[in-house]
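Only heavy atoms go into these numbers, but all of them, side chains included; no hydrogens, no water, no symmetry mates. One-based numbering along the sequence shown.
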Amino acid sequence: EDNLKPKVQWLKELGMDGSQMAKMVVKSAQLFGLSLEDNLKPKLQWFKDLGIDGSQVAAMIVKFPTLMAVSLEDNLKPKVQWLKELGMDDQQVAKTFARFPSLVGLSIEANLKPTSQWLKDLGMDDQQVA
C-alpha cells in the first residue's frame, strides 16, 4: 500500500481518472511495480523534453502501459534516433510517439526497418515513409 499510493497519486496528477487506471491495471499491472523516482518520473521528463505534455503521456500509458517499463537507453532513444534518420523533426517524432505509443514495442531491426524498406520498394520516398 505504501508503494501503491504515491504511484496512484502521480497518475492522478498526470490527469488519469479511475476508469483509465483500471484499464491500465488490466493491461499491465507491472507499471505499479516500477520505481516512481528511478523510472516513472525520469521517463515523464524525457517525454516532456521530447515535446509531449503530461496529459498526452497519461493517454499514452493508458494505450500502452508497458511504455513506462521499457529502457530509455536501449529502446526509446534508439527509436527517436531512427525516426530522425527517416527524416522526422522533433515535433513529428513527438507526435508519432503520442499517437502510436505501441511503437516502442516494435523492434527496429525486425519490424520497423523492413516495413519502411517495403514501403520504399513500393515507390514511396523517404518523406512519405516518415
Side-chain angles (χ1 to χ4, degrees):
E1 186 176 319
D2 289 340
N3 185 33
L4 189 58
K5 281 184 180 180
K7 291 172 190 156
V8 169
Q9 182 60 37
W10 181 78
L11 291 168
K12 285 180 180 178
E13 288 170 9
L14 282 179
M16 205 175 284
D17 63 30
S19 66
Q20 289 173 315
M21 277 190 244
K23 286 178 189 176
M24 190 186 59
V25 168
V26 169
K27 288 181 180 179
S28 180
Q30 76 183 35
L31 179 71
F32 291 99
L34 300 173
S35 167
L36 191 58
E37 296 302 322
D38 296 333
N39 189 307
L40 300 175
K41 286 182 178 180
K43 278 207 187 94
L44 173 63
Q45 187 57 53
W46 186 82
F47 281 116
K48 285 181 174 182
D49 292 345
L50 193 62
I52 303 170
D53 68 35
S55 64
Q56 289 174 305
V57 173
M60 291 165 61
I61 295 169
V62 171
K63 287 181 188 176
F64 194 73
T66 55
L67 170 76
M68 299 306 274
V70 300
S71 167
L72 272 172
E73 296 302 321
D74 297 333
N75 188 313
L76 294 172
K77 289 180 180 181
K79 290 215 172 68
V80 167
Q81 182 60 37
W82 185 77
L83 291 170
K84 287 182 175 185
E85 288 171 7
L86 278 180
M88 289 187 181
D89 61 27
D90 290 343
Q91 184 178 8
Q92 290 169 317
V93 170
K95 186 176 180 179
T96 299
F97 269 107
R99 290 190 65 199
F100 307 106
S102 60
L103 175 74
V104 303
L106 301 174
S107 163
I108 292 172
E109 294 302 323
N111 187 286
L112 298 174
K113 280 185 179 180
T115 301
S116 67
Q117 186 58 52
W118 177 74
L119 292 171
K120 289 176 185 179
D121 291 346
L122 288 176
M124 293 182 153
D125 61 31
D126 288 342
Q127 188 69 25
Q128 290 172 311
V129 171

Least distance between heavy atoms, Ala94 atom then Ile52 atom
O-CD1, 3.6 Å

Measure from the side-chain N and O atoms of Lys43 to the backbone N and O of Val70, and report whether any donor-acceptor pair falls under 3.5 Å.
yes

Do you reckon Met68 sits in the same ILVMFWY cluster as Val8, going by side-chain contacts under 4.5 Å, direct or chained?
yes

Interatomic distance, CG@Leu67 vs CG@Asn75, rounded to 0.5 Å, equals 9.0 Å

Are side-chain heavy atoms of Ile61 and Leu14 found at a separation under 4.5 Å?
yes

Show the nearest heavy-atom pair for residues Leu72 and Pro78, with the distance to one decimal.
O-CD, 3.9 Å

Over 12 non-hydrogen atoms of neighbours within 6.0 angstrom of NZ in Lys120
yes

Treating Asp90 as the side-chain partner and Gly51 as the backbone partner, does any N or O pair qualify as donor plus acceptor under 3.5 Å?
no

Show the nearest heavy-atom pair for residues Met88 and Thr96, with the distance to one decimal.
CE-OG1, 3.5 Å

If you take all heavy atoms of Glu73 and Lys77, which pair is closest and at what distance?
OE2-NZ, 2.7 Å

How far apart are the closest heavy atoms of Gly87 and Gln92, and which atoms are they?
O-OE1, 3.9 Å

Calculate, to the nearest 0.5 Å, the distance between atoms NZ and CZ belonging to Lys63 and Arg99 respectively.
8.0 Å

The reported gap from CG in Leu119 to CG in Asp125 (rounded to nearest 0.5 angstrom) is 11.0 Å

I'd like to check Lys48 versus Gln45 (side-chain heavy atoms, cut-off strictly below 4.5 Å). Are they in contact?
yes

Main-chain N/O of Trp82 paired to Lys113 side chain as donor or acceptor, under 3.5 Å
no

Looking at Gly33 and Lys7, what are the two nearest heavy atoms and their distance?
C-NZ, 3.9 Å

Sequence neighbours excluded, which residues qualify as side-chain contact (heavy atoms from CB on, under 4.5 Å) partners of Leu106?
Leu103, Asn111, Leu112

